Amino acid sequence: IVFFQHRPHVTKSVIKQIRKDFNFVRLIIAHNGFLIDADEFSETDIILCAFPSYLKNYKKKHNNVYLFYHYFNENITNKISVKKKDIDISFIGNSGYLLPNHYNRFYLLDFLLTNTNIKCWIDENHFFNNSIKNKIINLFKNIIFYQPSILIKFEKYFHKIFSEVYEEKIILKNLNELKVNYKLSEKFINRCFKPVYGLNMYSILFRSKISINSHMLKSNKEVGNMRLFEATGAGSCVLTDDGNNLKDLFEINKEIITYKNKYDCIDKIKYFGKNFNEANEIARNGRQKTLKNHTSKNRADEINEIIIKNI
């Protein structure tokens, strides 16, 4: 059984080749947290997707599709030692800078940084210009590697590369118009820090009284990103954008808090900042729910059932 976490970074032709070269492989499974063309999974036996709308989308072209949410690694708890919650509000993740699918998050964080004492550990190293440069470099590497006489065979590949370059130029233009073309880390130097990962990231979550969460636009008004489970699992009071499926995961206002827009987000921050005992109770309830229903052990059991059903 071959399992690709998140989504395969290899093409369907490579997956097809895996089957040919290793005929003992009985199942190829891919977990997908970001909507892509369903045709990319044509050689995949099972698709596990992180949002309900993805399930509907992939089922149009694929039979074996299952809803499979992200989770919290419960073993982290034994590796983190935090004496008190000394961070009022935090955000960890991509800021949305130069990311067209996250510009809503960029606006939210800019607003919160302007009007609250939020601290952000953010990744802003997403440069479309560098992406374009890398594509062109890789293109010419291929030209050098293959003899000119057979370059015609790669016409489709070249067309794809140049199409992506053109699309990214359009995206850059749109981002400039959306005014998400400056770094929050340069505008708010004292409260934006370098991105953190692993135990350092979890340590900040455990120290945070309130954790802000924001989903990408492609989530289609649904929730289920990794931060949702990581932050609740760490015992932080999570303030997240609402989603049609949130009630299937947490009880709103008892285990998690939601906001409708940036103004509502500010109102909730102010209220729970003054009523920390209430926020702390929600954090405890959210953690209990995650440790009960959304752990790596829970998801491993789900995968096992799916495999047994399809083997």
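Predicted, not measured: the structure shown is a model, and the values here were computed from it.
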side-chain contact (heavy atoms from CB on, under 4.5 Å) between Ser95 and Arg105: does it pass, once the steps are laid out? CA-CA 7 Å; Ser95 72; Arg105 179 186 299 171; 6.0 Å; no

In sequence, state the C-alpha distance, the side-chain angles, and the governing distance for Leu108 and Ile212, and then conclude on side-chain contact (heavy atoms from CB on, under 4.5 Å). CA-CA 10 Å; Leu108 174 67; Ile212 301 297; 4.2 Å; yes

Given side chain to side chain donor-acceptor pair (under 3.5 Å), test Asn220 with Tyr54 step by step and report yes or no. CA-CA 9 Å; Asn220 301 319; Tyr54 292 12; 5.4 Å; no

Worked verdict on Lys221 versus Asp241 for side-chain contact (heavy atoms from CB on, under 4.5 Å): CA-CA 9 Å; Lys221 296 183 179 180; Asp241 44 348; over 6 Å; no

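For the residue pair Ser296 and Glu74, the shortest heavy atom distance occurs at OG-OE1, 2.7 Å. Of all heavy-atom pairs between Ile80 and Val82, the closest is CG2-CG2, 3.5 Å. Across all their heavy atoms, Cys120 and Leu109 have their closest contact at SG-CD2, 4.3 Å. Summarising the geometry of Gly235 relative to Ala283, their closest heavy-atom pair is O-CB, 3.3 Å, with the distance given to 0.1 Å. Listed here is the closest heavy atom pair of Ile36 and Tyr58: N-OH, 3.0 Å. Residues Thr240 and His215 come closest through the heavy atom pair OG1-CE1, 3.8 Å.
Other residues, nucleotides and ligands place no more than 12 heavy atoms under 6.0 Å from the NZ atom of Lys59. For Arg26, the CZ atom counts as loosely surrounded, since its 6.0 Å shell holds 12 or fewer non-hydrogen atoms of other residues, nucleotides or ligands. Heavy-atom contacts from other residues, nucleotides or ligands closer than 6.0 Å to CZ of Phe206 number more than 12. Residue-environment remark: OH (Tyr263) stays at or below the threshold of 12 foreign heavy atoms within 6.0 Å. More than 12 heavy atoms of other shown residues, nucleotides or ligands fall within 6.0 angstrom of atom CG in Asp86. Atom NZ of Lys187 is surrounded by more than 12 heavy atoms from other residues, nucleotides or ligands within 6.0 Å.
Residue Leu199 holds its CG atom at 12.0 Å from OG of Ser81, rounded to the nearest 0.5 Å. Note that CD1 of Ile257 is 6.0 Å distant from CD1 of Ile210, once rounded to the nearest 0.5 Å. Considering CD of Glu222 and CG of Leu67, their distance stands at 8.5 Å, rounded to 0.5 Å. Atom CG of residue Asn64 and atom NZ of residue Lys309 lie 7.5 Å apart, to the nearest 0.5 angstrom. One finds the CG atom of Leu113 at 5.0 Å from the CZ atom of Arg191 (value rounded to the nearest 0.5 Å). For the atom pair CG of Asn213 and CZ of Arg227, the computed distance is 5.0 Å after rounding to the nearest 0.5 Å.
When the options Phe188, Phe91, Phe193 are evaluated for a side chain to side chain contact (heavy atoms under 4.5 Å, CB included) with Ile122, the one that passes is Phe91. The salt bridge (charged side-chain N to carboxylate O under 4.0 Å, His left out) test with Asp88 is passed by exactly one of Lys209, Lys274, Arg207: Lys209.
Using modelled atom types, one finds no donor on one side chain facing an acceptor on the other under 3.5 Å when comparing Ser208 with Ser236. There is no side-chain donor-acceptor pair under 3.5 Å between Tyr107 and Asn261. For the residue pair Asn310 / Asp45, no side-chain donor-acceptor distance below 3.5 Å is found, with atom types taken as modelled. For the residue pair Asn298 / Thr295, a side-chain donor-acceptor distance below 3.5 Å is found, with atom types taken as modelled. Side chain to side chain, Thr77 and Arg287 meet the donor-acceptor criterion of an N or O pair below 3.5 Å. Between the side chains of Glu278 and Tyr271, at least one donor-acceptor pair of N or O atoms lies under 3.5 Å. Side-chain atoms of Asn94 and His102 include no donor-acceptor pair closer than 3.5 Å.
Residues Phe250 and His294 place their aromatic rings such that the two centres sit under 6.0 Å apart. Taking the six-membered ring for Trp and the full ring otherwise, the centers of Tyr69 and Phe51 sit at least 6.0 Å from each other. The distance between the ring centers of His70 and Phe229 does not fall below 6.0 angstrom.
The hydrophobic clustering, which links ILVMFWY residues whose side-chain heavy atoms are closer than 4.5 Å, places Ile92 and Ile87 together. No single ILVMFWY cluster, assembled from side-chain heavy atoms under 4.5 Å apart, contains both Val2 and Phe68. No chain of hydrophobic side-chain contacts below 4.5 Å, direct or via other Ile, Leu, Val, Met, Phe, Trp or Tyr residues, connects Leu184 to Ile189. Side-chain heavy atoms closer than 4.5 Å link hydrophobic residues (I, L, V, M, F, W, Y) into clusters, and following such links, even through other members, never connects Leu55 to Ile306. Connection of Leu205 to Ile76 is established within a shared hydrophobic cluster, with ILVMFWY side chains joined at heavy-atom distances below 4.5 Å, either directly or through further cluster members.
By the side-chain hydrogen bond (donor to acceptor under 3.5 Å, both in side chains) test, Tyr259 pairs with no residue at all, sequence neighbours left out. Evaluation of the salt bridge (charged side-chain N to carboxylate O under 4.0 Å, His left out) rule for Glu255 yields Lys289 as partners, not counting sequence neighbours.
With hydrogens and angles ignored, the 3.5 Å screen pairs a side-chain donor or acceptor of Glu124 with a backbone N or O of Ser185. With Asn304 contributing its side chain and Ala300 its backbone, the two residues share no donor-acceptor pair below 3.5 Å. The backbone N or O of Glu43 lies less than 3.5 Å from a partner atom in the side chain of Arg19, making a donor-acceptor pair. Formation of a donor-acceptor pair under 3.5 Å by the Lys247 side chain with backbone atoms of Ile252 is not found in this model.
Taking 4.5 Å as the limit, every side-chain heavy atom of Asn225 sits out of range of all side-chain heavy atoms of Ser219. Residues Thr44 and Lys12 fail the side-chain proximity criterion, which asks for heavy atoms closer than 4.5 Å. Contact of the Ile307 side chain with the Leu27 side chain is registered, since non-hydrogen atoms from C-beta on lie closer than 4.5 Å. The shortest distance between side-chain heavy atoms of Met201 and Glu230 falls below 4.5 Å. At least one side-chain heavy atom of Tyr97 sits under 4.5 Å from a side-chain heavy atom of Phe106. Residues Asp110 and Tyr182 are in side-chain contact: their nearest non-hydrogen atoms beyond the backbone lie under 4.5 Å apart. When side chains are defined from C-beta on, Ser90 does not count as touching Ile118, because their heavy atoms never get closer than 4.5 Å. In this structure the side chain of Ile269 never reaches within 4.5 angstrom of the side chain of Asn115, judged on heavy atoms.
Note that Lys61 lies outside the cation-pi zone of Phe41, set by a 6.0 Å cut-off to the ring centre and a 45° limit from the axis.
Salt-bridge annotation for Lys260 and Asp242: absent, with no side-chain N of the basic residue lying under 4.0 Å from a carboxylate O of the acidic one. By the 4.0 Å N-to-carboxylate-O rule, Arg299 lies close enough to Glu302 to be salt-bridged with it.
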